[in-house]
Structure formats: C-alpha cells, structure tokens
Amino acid sequence: MKKKKFRSFAKRLTRWIALSQFIVMLFATYWIFILAKTFVIMEEASLYKSSLSTANANVSRVLSEVTTATSNHVSEIQDCLGQPDKLVGIIDRIVAQNPVIRSCGLSFIENYYPQKGRWFCPYAVRDDDGKTERRILGSASHDYLKAEWFEEALKTDSAYWSKPFFDASDSITPLVSYMLPVKDKQGKTVAILGADLSLERIRKQLFGGMYAEDDSISIKIENDPDENSENSDNSDGGFINFDWRGITKKFIIDGDGTFVAYPKEDYIIKKNYFELAKTTTDTIDDHLGRQMVAGRMGTYNDKKGILPQSFRFFDSETWLSYVFYEPVKNTHWSIVSVVPNVMIDLVAIGLGVIMLLLIALALLVTRIAGRLIIKRAVKPLTALVASTGEVAKGNFAAPLPVIKHNDEILQLRDSFESMQHSLTHYVDELKSTTASKAAIENELKVAHDIQMSMLPKTFPPYPERDDIDIYGFLQPAKDVGGDLFDFYIHDEKLFFCIGDVSGKGIPASLVMAVTRSLFRNISAHTTEPHRIAEMLNQALADGNETEMFVTAFIGVLDLGTGCLRYCNAGHNPPLILGRDISLLPCEPNIVLGLLEDIPFKPQEIQFEPQTTIFLFTDGLNEAEDIHHAQFGDQRIASEAEALLAEGKNQPEQIVNQMTKAVHAFVGQAEQSDDLTMLAIKYMRGER
C-alpha cells in the first residue's frame with residue numbers, strides 16, 4: 001500500500017479555521033444579503049403595487065362611467081315602455097352623450113310589441129367620425145332571442161359585465177357589454193339594456209401608449225382622442241403609463257382566463273391565460289391563474305421562470321419577473337402587472353460582491369496570523385507523536401515526553417501512559433477470551449451435529465417400498481435452530497410431522513429436541529393425529545414459564561387405503577400436488593405449548609395415487625430479500641405449477657426446486673429464519 005504524504009497538522013488546522021470562518025462569514029453575508037434584498041423587494045413591490053392600483057382605478061373609472069351612464073337611463077326607459085318609438089331616441093342619446101360608450105342596444109323579449117313584430121331592439125352606434133347612427137336590430141338572420149348572451153342576461157336578472165366578444169358587424173372590434181335588466185311595473189324583465197365598451201379603450205387606458213407589436217417593448221406617447229384639454233393630467237388619466245423604475249407588462253383577464261387587455265392586440269379575446277399556461281410543465285403557473293380569476297390580490301416572484309414565454313421580457317429565460325395582481329371592482333376581471341426583477345437583483349448582487357471581497361481580505365489576514373500561532377501551539381504534539389510511534393510498534397514501556405501546559409495535550413499524554421499500563425493486561429485477557437470463544441464455537445458445532453442426527457437424513461428412506469417416496473430438508477438460520485420434521489412407518493401407516501418452535505438458537509433447539517422425542521413416544525400409542533397434538537400440547541404447556549410454543553402439522557397416512565388423517569396446530573397449511581395444486585383445508589387449532597387441556601379438531605382426506613403433499617415452515621414463504629419483500633405463498637404455488645407442467649413431481653425434485661428458488665429470491669440478504677421442507681408422495685397403484 002502506498003504511504004500517504006505527510007501533511008502538517010498546524011497547516012491543516014489553520015486551513016480548517018480559515019474555512020470555518022469563511023463558512024460562518026459567508027452564512028452571515030448570505031442572510032444580510034437576503035435581508036437587504038427583501039427590504040429592496042418590499043420597497044419596490046410597494047411602488048409597483050401602487051402603480052397597479054392606479055391603473056386599476058383608471059380602468060374602474062372607465063367602467064364606472066359606462067355603468068353610471070347606463071343605469072341613469074333605466075328609470076326613463078321604464079317610464080317609456082308604452083312608447084316604443086321614443087325608446088329609439090333614448091338609446092341614441094345614451095351613446096351621443098357618453099363618448100366612452102361605443103354602442104348601446106335595448107333588446108326586448110319576443111313579441112313584446114306585437115305591432116313591431118317578433119323582434120324589437122333599438123340600437124345606436126358611434127361611427128369613426130363621432131356621429132351616432134340609429135338602427136333597429138332583430139331579424140331571422142340576426143335572432144338575438146336565441147343568442148346565448150340574451151338568455152344568460154334574462155336568467156341573471158341583475159346588472160353585470162358580459163364576457164368579451166367581437167363586434168358582429170365587423171368581427172374585428174373587441175367589445176365588452178354592461179348588461180342591465182329592464183322590468184315593467186309588475187317586476188317582470190321585459191328587455192336587456194346593453195352598453196358596449198370598446199376593449200381598445202381599456203387597452204389605451206391601461207397602457208397609455210405603450211404598445212408591443214411583438215414580444216419586445218417599445219414606447220409611444222399619444223393623447224387620448226377623447227380628451228380635448230391640452231393640459232390634461234396624463235398620470236391621473238392613464239394616457240401615459242411609463243414607470244421609470246422598469247418596464248412593466250400589464251394585462252387584464254376575465255373570469256375564465258380570456259385576455260381582455262394585453263400589449264399585443266392579437267391576444268385580446270383570442271388567447272387564454274390557461275392555454276398559455278400549458279406551455280410550461282410547472283403547475284404553479286396554472287395555480288397562479290386560478291388565484292387571479294378567483295378575485296384574489298397577491299404577489300408572485302417567478303424565480304423558476306415558469307410563466308409562459310409570452311409573459312417574459314425580450315423572450316429571455318433570464319428575465320424572470322414579479323407578478324402583481326388584483327381584482328377589478330364590480331367585474332370578474334383581474335388586472336395583472338409583470339415586472340422584471342433584474343434591477344432589484346443587480347442591487348442585491350452588488351451588495352453580495354462587496355461582502356465577499358471583505359470576507360476574502362479577512363480570511364487572508366486570519367490565515368497568516370493563525371499559521372504562526374498554531375505552529376507554536378502544536379510543538380508538544382510533535383514530541384508525543386514520536387513516543388506513541390514506539391508504543392504502536394509494541395514497545396509499551398517507551399518513555400513519553402514531559403508536557404508543561406495543563407491542557408488537552410497533557411491529557412492526551414496521560415491517556416497514552418494509562419494505555420501503556422493497560423495494554424499488557426488487555427492482551428492477556430484477549431488471549432483468554434479467544435480461547436473461550438473457540439470452546440463455545442466447538443460446543444455449538446457439536447450441538448448442531450447432535451440436532452441434525454435426530455432428524456431423518458437418509459433419502460429415499462424406504463427404497464424397498466414402491467408405495468411411498470419422501471424427501472426432507474432443514475437449514476437452520478444459526479448454528480442450531482428450532483425447526484423439525486420427522487416420519488416413520490408403523491403397521492402400514494406413515495406417521496409424520498413438521499414443526500416450528502418460536503424463537504431461535506439454543507433454547508429453540510432444546511424445545512425442538514423435546515418435541516421430536518414426544519412425537520415419537522406419543523404416536524407409538526395412538527394413530528389419531530388430534531390425540532397426538534393434544535398430548536404434545538399438554539406435555540409442552542406443563543411448566544412452560546418461558547411461554548415458548550410450537551406450530552406443528554401432524555399426519556397419519558394409511559398406506560393401504562390412501563386415507564390421510566391430520567391435525568394442524570397453527571402451522572402453514574400444506575400444498576397438495578395432484579392433478580392440480582391446492583392448499584390442504586386446515587382447521588384453525590391453537591399452537592402447542594401455550595394453554596393446557598385444549599381440544600384439537602381432527603380432519604381427514606382421501607389421497608389419490610400420485611398425489612404429493614408438500615409441507616414447509618414459515619422460513620420459506622416469509623423469506624425476505626434485501627428490500628424486505630417476502631417470497632410469499634404465491635411464488636410457492638407458481639414454482640409448484642411449473643414443476644407439474646414439466647412433469648417433475650418427485651419429492652426430491654420439489655424440495656430442491658423450492659430451495660433453489662428461495663435462495664435466488666433472497667440473494668445477498670442474510671437468512672432470518674430456519675428453512676424446513678418435507679415432501680411425501682403417495683404412489684400406491686403406480687407401475
């Protein structure tokens with residue numbers, strides 16, 4: 001092995017101290033940076049929120065002009081319901097007197113004026129020259145009675161702003177309409193008064209001359225065409241909306257995410273926020289939109305760049321933004337401002353760079369001063385290293401240096417001195433312990449050999465017989481285990497059992513030996529498996545202070561008739577392999593050794609020739625791999641089915657295949673329980 005290069009402890013200690021100081025100072029700088037940045041963000045966010053609220057107020061003012069101008073004429077319209085021709089003039093006056101209203105219509109319910117026909121809708125619209133034009137709408141080709149907006153307005157029965165739509169006359173002009181129900185003296189809604197507001201007006205009010213024909217931002221200043229005063233207050237009127245702290249993108253969406261106002265004209269009505277949100281894989285953007293359309297007010301910092309590409313500045317992934325949003329009063333709209341955070345970040349980054357430079361200077365001074373101080377402080381360690389090197393070579397009597405200062409180095413020196421005195425004693429004890437451990441291991445090996453000798457180990461056990469074939473296998477998890485199996489033939493009956501003692505190691509092996517001996521002695525006097533179980537239980541429960549118990553399956557197979565009588569005491573049900581595979585039905589008897597005087601239920605089944613019964617302990621079905629997944633009953637059944645499909649139904653083949661399968665499943669995992677299997681094939685009649 002290549003020897004490592006010597007490195008001075010003083011140098012390393014100096015380096016670690018400097019590094020520790022750097023980390024502490026870097027941590028402190030980080031939090032100072034965060035606090036400073038947070039303060040800047042709070043101040044800037046407050047200004048941008050104020051700017052957004054001003055824009056919101058400007059938009060709300062326009063909407064309020066429409067709602068006020070329209071609502072003020074409802075009473076007059078109701079008074080003139082008996083004079084339909086006069087209503088035309090009222091509608092014309094609403095448009096003429098209110099420049100903010102582009103058009104207005106009064107849509108009556110079907111056949112309200114029989115003399116006017118099925119439809120009657122006085123309508124006025126302002127042309128490009130500012131003049132109003134009167135019309136009467138409603139015809140088979142323009143059946144407003146079946147229009148979705150008309151049916152919805154009748155059902156709503158209260159004033160509201162409609163969803164954005166394009167003007168039916170040119171399919172280009174985006175509009176939004178303020179809908180009011182008009183009721184007769186009986187309180188019945190007889191008409192819908194709708195005042196149309198051009199979304200271009202909202203757009204100019206929101207952006208005030210900031211237009212984006214592509215995704216970049218350009219600035220254009222213009223006067224509102226509806227303002228005649230040369231000294232109009234632009235900031236108050238919203239005609240110029242340039243924020244000197246940074247370019248902002250404002251837009252308005254309605255309750256379903258449709259754009260009502262946006263820098264790009266082709267977004268209005270035609271695009272939807274949630275459709276654009278699908279361009280990102282992050283669900284936060286969709287959640288942000290839900291917050292907006294729910295009428296909530298808030299701020300979001302797009303640190304991950306999750307907003308749709310069209311919301312970002314200059315199509316750059318690095319131009320991340322802050323998003324401010326709040327509801328527009330008396331509508332289902334939400335006004336949103338997207339602000340690039342690059343200016344805020346630049347201030348914070350500059351502050352961080354200055355702090356890092358100060359940290360670097362402090363580290364340089366610390367390294368120089370610390371190197372001199374530490375080098376002098378570790379001189380006693382150098383002498384101690386030389387002495388301990390001799391001790392490491394086995395010279396426990398090597399002299400240690402004299403340390404003048406009463407500090408940790410002196411304590412280390414005294415500790416080495418104590419170690420010198422105790423090493424010899426320790427080596428002697430280690431030799432004694434090693435000898436004792438070797439004796440214990442030898443005794444465990446003898447115990448293992450004795451335990452294995454108690455189990456059947458010659459297979460096939462009855463080569464002279466052609467009516468029965470048996471194969472068994474036991475692999476303890478430790479040197480000795482608590483699993484057992486046994487069988488023998490008496491009076492042309494095969495007595496057999498399999499069992500699993502609770503616990504592991506030597507205690508379980510002792511109970512296993514007792515159980516096997518009791519099985520042999522008791523079965524010599526009775527052929528009833530349930531009687532054998534009852535007497536076994538009585539013997540094991542008597543004086544069982546450790547409360548150890550045994551799960552067991554006991555069977556007696558009549559080799560002449562194929563009749564199997566059995567009793568299951570809390571053990572895994574065996575698998576029957578005949579024409580098909582099935583579990584042997586077993587009554588839920590209690591385990592052996594817990595309670596005295598417990599009756600056990602007998603069971604009986606008739607075996608067909610060529611039938612094999614496969615018995616196993618839970619070391620098979622509960623064997624675990626490194627991920628703690630269990631081998632399971634289903635894998636046992638699958639392996640058995642595969643064997644039958646291949647025509648392999650001999651006991652040795654079954655046990656060997658199960659052993660191979662469970663070892664492959666467990667892999668490198670340590671065996672956690674004893675593994676025991678016993679397969680018995682009844683072959684009477686086989687030729």
Side-chain angles (χ1 to χ4, degrees), residues 59 62-71 73-74 77-78 81 84 87-88 90-92 94-95 98 100-113 116-126 133-184 188-203 252-261 268-272 293 328 330-334:
V59 173
V62 174
L63 299 177
S64 179
E65 290 179 17
V66 177
T67 58
T68 302
T70 309
S71 301
H73 288 81
V74 172
I77 292 173
Q78 289 175 330
L81 286 177
L87 296 174
V88 178
I90 297 174
I91 299 303
D92 181 80
I94 293 175
V95 177
N98 299 279
V100 72
I101 298 178
R102 178 185 177 277
S103 53
C104 184
L106 182 61
S107 306
F108 281 88
I109 61 176
E110 185 176 4
N111 294 319
Y112 185 73
Y113 297 109
K116 297 294 184 179
R118 181 184 179 194
W119 305 276
F120 184 66
C121 177
Y123 178 78
V125 61
R126 180 181 291 102
E133 177 185 348
R134 299 182 180 183
R135 302 176 189 171
I136 301 296
L137 302 181
S139 63
S141 60
H142 182 65
D143 189 357
Y144 66 83
L145 296 173
K146 296 181 179 178
E148 181 180 351
W149 65 265
F150 186 75
E151 295 177 351
E152 181 180 355
L154 290 177
K155 292 178 182 178
T156 304
D157 198 35
S158 61
Y160 70 96
W161 283 97
S162 71
K163 296 180 180 179
F165 61 93
F166 288 106
D167 187 8
S169 61
D170 59 14
S171 300
I172 296 176
T173 305
L175 303 173
V176 64
S177 184
Y178 183 64
M179 301 288 193
L180 292 92
V182 178
K183 301 183 179 181
D184 59 15
K188 177 183 177 182
T189 300
V190 298
I192 301 299
L193 177 61
D196 300 330
L197 172 64
S198 173
L199 292 182
E200 182 63 20
R201 175 79 182 214
I202 298 293
R203 183 168 177 262
I252 298 176
I253 59 175
D254 68 3
D256 62 3
T258 301
F259 285 102
V260 176
I268 300 175
I269 302 180
K270 296 180 181 179
K271 291 189 180 293
N272 184 280
V293 300
V328 180
N330 298 325
T331 68
H332 295 293
W333 300 352
S334 181

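Sequential numbering from 1 along the given sequence is applied to the chain's residues.
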To check you understand the geometry: which heavy-atom pair defines the closest contact between [X] and [Y], and what is its length?
X    : Y    : answer
V260 : I268 : O-CG2, 3.5 Å
T173 : S198 : CG2-OG, 4.3 Å
F166 : I172 : CD2-O, 3.2 Å
V95  : A124 : CG2-O, 3.6 Å

Does either side chain, that of [X] or that of [Y], offer a donor lying less than 3.5 Å from an acceptor on the other one?
X    : Y    : value
D196 : S103 : yes
T67  : N330 : no
T156 : S158 : no

Quick check against the 3.5 Å criterion: does [X] have a side-chain atom that pairs as donor or acceptor with the backbone of [Y]?
X    : Y    : result
D254 : D256 : yes
R126 : N98  : yes
T331 : V328 : yes

Where does the angle between the aromatic ring planes of F150 and Y144 fall among parallel (under 30°), tilted (30 to 60°) and perpendicular (over 60°)?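 Geometry flag for Y144 against F150: perpendicular rings.
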Within the 4.5 Å heavy-atom criterion, are [X] and [Y] side-chain neighbours or not?
X    : Y    : value
D92  : I94  : no
L197 : R102 : no
I269 : L199 : yes
T258 : W333 : no

Does the distance from a Lys or Arg side-chain N to an Asp or Glu carboxylate O, for K155 and E152, drop under 4.0 Å?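 Salt bridge between K155 and E152, a charged N being under 4.0 Å from a carboxylate O: no.
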Could you check I136 against V88 for side chain to side chain contact (heavy atoms under 4.5 Å, CB included), going step by step and ending with a plain yes or no? CA-CA 8 Å; I136 301 296; V88 178; 3.8 Å; yes
Evaluate F120 against Y112 for ring pair (Phe, Tyr, Trp, His ring centres under 6.0 Å), listing each step before the verdict. CA-CA 8 Å; F120 184 66; Y112 185 73; 9.0 Å; no
From L180 atom CG to I192 atom CD1, the distance as rounded to the nearest 0.5 Å: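 That separation rounds to 8.5 Å.
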Spacing of CG belonging to L106 relative to CD1 belonging to I91, to within rounding of 0.5 Å: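 Here the rounded value is 4.5 Å.
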Working for side chain to side chain contact (heavy atoms under 4.5 Å, CB included), residues K183 and K188: CA-CA 5 Å; K183 301 183 179 181; K188 177 183 177 182; 6.0 Å; no
Check step by step if side chain to side chain contact (heavy atoms under 4.5 Å, CB included) holds for F108 and L81. CA-CA 10 Å; F108 281 88; L81 286 177; 3.7 Å; yes
